[in-house]
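Here the structure comes first, spelled out in structure tokens, and everything after it is commentary.
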Amino acid sequence: MQEAAGALLEMTGLVERITFRNERNGYTVLELSAGGALLTVVGTMPLAEPGGQIHVWGHWTEHPSFGRQFAAETYALIQPKTAQAILQYLSSGAVKGIGRATARRLVEAFGEETLSVLEKEPERLSQIPGISREKALRISEAYSRKAGIREAMLALSSFGITSQEAMRVYEAFGASAADRVRADPYCLCREGLSFSFQRADAIAASMERPADDAARVRAGLLYVLRHNLENGHTCLPEQKLLAVAAQMLGVEKARAEEEGKALLQAGELKRCEIRGRAFCYLPRFYNAEVFSASRLQMMLDFPCQPISGAEQALQAREKAQGVTYAPEQREAILAALLNGMVILTGGPGTGKTTTLDAILHILEQKGEKVLLAAPTGRAAKRMSELTGQEAKTLHRLLQAEWDANDEPAFARNEHHPLECDALVIDELSMVDALLFEAVLRALPMGCRLILVGDRDQLPSVGAGSVLGDLIASGMLPVVELKHVFRQSRQSRIVTNAHRIIAGEMPVLNDTKGDFFFLQRSEPQDIAQTILDLCEKRLPKSYGFSPMTDIQVLAPGRKGELGTLELNRKLQSRLNPPQKDKPSCKIGGRVFRVGDKVMQTKNDYTLSWEKADGTMGEGVYNGDIGVLEEIDRAAGLLLVNLDGKHVTYGPEEAEELELAYAMTVHKSQGSEFPAVVMPMYPGPRPLYYRNLFYTAVTRARRLLVLVGTQKTVHLMVENGSRAQRYTGLAAFLTGEVVTDGEA
């Protein structure tokens, strides 16, 4: 072993055993025989096989659970040269179609030329008894693919591309991957490869490509649009796009405009005028909003058949339930029964659930098949609890499948629509533009569509402003429930939520209700009070479980009162280390059996199994559960995510974090028996009215604010909402002119 450039170590050895491999991304744990010792090597090594020699570059690490490991940043296969080495390599099953017996016959026939014959003269393989010409070609193709990957990864490594990244590039471009990168480094910025523009730009700079290179300017324009998807924008004003891209690239705005026209002509950019102002889109999002608007317009033009006897059915429901629905509730119920499409919106305590319950009862009484769905698992579960009927996540309802880039593709679409007469979607504020398009594509003709959401909640994490745009368009029937019912007025959580969204200060001095404010001035005192509330005070006074009933919500992740630090402190109080309680360290975070954990990104390939034997794939951003087991030897974690048992490998576990505290954004679509929230000044963009309102409405039975009244004032008074550039409302109203020039 020797020191390499960039402080990397390098070593060569024989692969003895593959301990673990993720076939999807090539992450591998193997045992390497090197220098008379057996070493554990981890990293992306998709082509390493038992019996083969490899050269690895990396560094030593000390895993707290799995001991000393060599973390390979990149590697290279060493072609076996002797007949014995070739036999050992082929006998390992490294090449599809070659087992131990076939490997021996091949080496006996061709000796040290075996690999050359496999690659260049596959027809000679058919000379061996038992190998037909067709099988010979299949074996050669399998070997050549491995050889192609090996050569491509070696060539790509010269650009500073790691083995894991090279695998993605090879999957996208095949054997010509290295040539594609040489010709246009910015091809690495395409969707699915996950290279930042800055990374591709650095590779291009190493090739001494000019700053105003056409490929660079085009990639820069697309990068600005893609980057702003993360801010919720489905499009950007043309002049803003050109100015930002030109500044970022260090080129004249006219140059950006010139390449923008080229992107339009190539179909990689879409442009339209909305109310006289030019906007630019990525095609995928332009098509989504255009389709959604046209499908909704078709539903307005050709509505489904009204339910006969709707008024009488409503009166019968009132009599059976012993209630009289408020005028706006009656309006919503009849709109769903007669018009076939309605948006039902309103804050807490305004009777959305009661209204929806009446709609569902009458539809089913009339023989209609109704499906219920929500954007997240927790929102769907809550919907099921409130209605007493099964509700699915939208991804499950649409039968999501996953492509090579882990992007959803839905089995339910216009060619294979849902089988229902009515579809009800709750928490519509969380649905982004692409998911809404997918729902509408799967909607059968003549199907009722009932959309439920709170327009004052935080918008979707993904790009788009579906609920806001639909309401703003004025094209769809909208019923807003405003009346807070008497029983709900007894809850300070409900009444204060309505005060907050109206820009009024909540009542903070009520000591007998369900909404409490504890004055604390210093961050350390606020943190200490939150710890005491979760560990002792709330469990003692209300019987709440610190693990399942109490949820700490914070505006942000960073700082003394952010979720990262609060989670560390809450873990030490609620699940302290014990000798008989296994723990491990992943990504700088300590996890312990019994910890409350959360999935932080959508992972559509993770498998799960329920206690009743039901199996499936896919866990989602915001899913919460408990860490039940840690298998140190195998490097595996078993997590119970709300009844779904998921096994995480070392790499997948990077997607987990502690969930004793979470951000308000992560809590969307969920309700908790008790919510505790720190109130201490922080970055203004995180301290605004709608975020405060969303946090308050997550509490079902108890809300405790801990901090300063000044912070409460600040959040209530900050009524600003981040503007999202979207076009759905304009497409619905026809205020759009499509133009082919940028």
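Note that CG of L476 and CG of L451 are 7.5 Å apart. Values are rounded to the nearest 0.5 Å. Considering CG of D510 and CZ of F516, their distance stands at 7.0 Å, rounded to 0.5 Å. Atom CG of L705 and atom CD1 of I530 lie 10.0 Å apart (nearest 0.5 Å). For the atom pair CD of Q571 and CG of D595, the computed distance is 4.5 Å after rounding to the nearest 0.5 Å. If you take CG on L691 and CG on L458, they are separated by 5.0 Å, rounding to the nearest 0.5 Å. Annotation: the span from E437 atom CD to R441 atom CZ amounts to 4.5 Å, rounded to 0.5 Å.
Between P678 and L566, the closest side-chain pair of non-hydrogen atoms falls below 4.5 Å. By the 4.5 Å heavy-atom criterion applied to side chains, I359 and V424 are not counted as neighbours. Residues H645 and L638 have side chains in contact (heavy-atom distance under 4.5 Å, counting atoms from C-beta outward). Residues I450 and V370 are not in side-chain contact: their nearest non-hydrogen atoms beyond the backbone lie 4.5 Å or more apart. Between L470 and L296, the closest side-chain pair of non-hydrogen atoms falls below 4.5 Å. Contact check for D642 versus I624: no side-chain heavy atoms found under the 4.5 Å cut-off. Looking only at side-chain heavy atoms (C-beta outward), L637 and I586 come within less than 4.5 Å of each other. Contact of the Y223 side chain with the M248 side chain is registered, since non-hydrogen atoms from C-beta on lie closer than 4.5 Å.
Between N690 and D456, the shortest heavy-atom distance links the atoms ND2-O, 2.7 Å. Taking both residues in full, the closest heavy atoms of D426 and P375 are given as O-CD, 3.2 Å, listed atom of the first, atom of the second, then distance. Listed here is the closest heavy atom pair of A288 and A433: CB-O, 4.2 Å. Here the closest heavy-atom approach between residue G727 and residue C235 is recorded as N-SG, 4.4 Å. What you find for D514 and S491 is that their closest heavy atoms are OD2-OG, 2.7 Å. The shortest non-hydrogen separation linking F672 to S667 is CE1-CB, 4.1 Å.
In terms of modelled atom types and a separation under 3.5 Å, the side chain of T393 and the main chain of T376 share no donor-acceptor contact. Looking at S292, its side chain never comes within 3.5 Å of a backbone N or O of E289 through a donor-acceptor pair. For the pair Q551 (side chain) and R698 (backbone), a donor-acceptor distance under 3.5 Å is absent. Checked by atom type and distance alone, the side chain of T663 pairs as donor or acceptor with a backbone atom of K666 at under 3.5 Å. A donor-acceptor pair under 3.5 Å is formed between the side chain of S545 and the backbone N or O of M547. Looking at Q668, its side chain never comes within 3.5 Å of a backbone N or O of M430 through a donor-acceptor pair. Between the side chain of E328 and the backbone N or O of K482, at least one donor-acceptor pair lies under 3.5 Å. With hydrogens and angles ignored, the 3.5 Å screen pairs no side-chain donor or acceptor of Y660 with any backbone N or O of R568. The main-chain N or O of R455 is found under 3.5 Å from a side-chain atom of T345 such that the two form a donor-acceptor pair. Distance alone, capped at 3.5 Å, is enough to place a donor-acceptor pair between the N567 side chain and the L658 backbone.
Between Y286 and F731, the ring center distance clears the sub-6.0 Å criterion.
Checking Y281, Y725, F285, F279 one by one against H233, the ring pair (Phe, Tyr, Trp, His ring centres under 6.0 Å) holds for a single residue, Y725.
K581 and N575 share a side-chain donor-acceptor pair at under 3.5 Å. A donor-acceptor contact closer than 3.5 angstrom links the side chains of T529 and R520. Looking only at atom types and distance, the side chain of T708 has a donor-acceptor partner in the side chain of T711 under 3.5 Å away. For the residue pair T694/Q457, the side-chain donor-acceptor check at 3.5 Å is satisfied.
With a 6.0 Å radius and a threshold of 12 heavy atoms from other residues, nucleotides or ligands, K240 has its NZ atom at or below the threshold. E629 CD: 12 or fewer foreign heavy atoms inside a 6.0 Å radius.
Taking a cutoff of 4.0 Å between a charged side-chain nitrogen and a carboxylate oxygen, R700 and E385 do not qualify as a salt bridge. At a threshold of 4.0 Å, the pair D532-R573 counts as salt-bridged, since one of the basic side-chain nitrogens sits closer than that to a carboxylate oxygen.
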Review item, side-chain donor-acceptor pairs of residues 553-561, under 3.5 Å, at least two apart:
from: R557; atom 1: NH1; to: E657; atom 2: OE1; distance (Å): 3.1
from: R557; atom 1: NH1; to: E657; atom 2: OE2; distance (Å): 3.3

Task: Steps toward side-chain contact (heavy atoms from CB on, under 4.5 Å) verdict (L423, V439) - done: CA-CA 10 Å; L423 174 63; V439 169; 3.8 Å; yes
Task: side-chain contact (heavy atoms from CB on, under 4.5 Å) between L570 and K596, worked out - done: CA-CA 10 Å; L570 285 162; K596 185 178 182 179; over 6 Å; no
Open item on the list: Working note: V639 + V619, criterion side-chain contact (heavy atoms from CB on, under 4.5 Å); need CA distance, chi angles, decisive distance, verdict.
Closed with: CA-CA 11 Å; V639 178; V619 294; over 6 Å; no
TODO: For V507 and F515, run side-chain contact (heavy atoms from CB on, under 4.5 Å): C-alpha distance rounded to whole Å, both residues' side-chain angles, the deciding distance at 0.1 Å, then the answer.
DONE: CA-CA 8 Å; V507 175; F515 188 113; over 6 Å; no
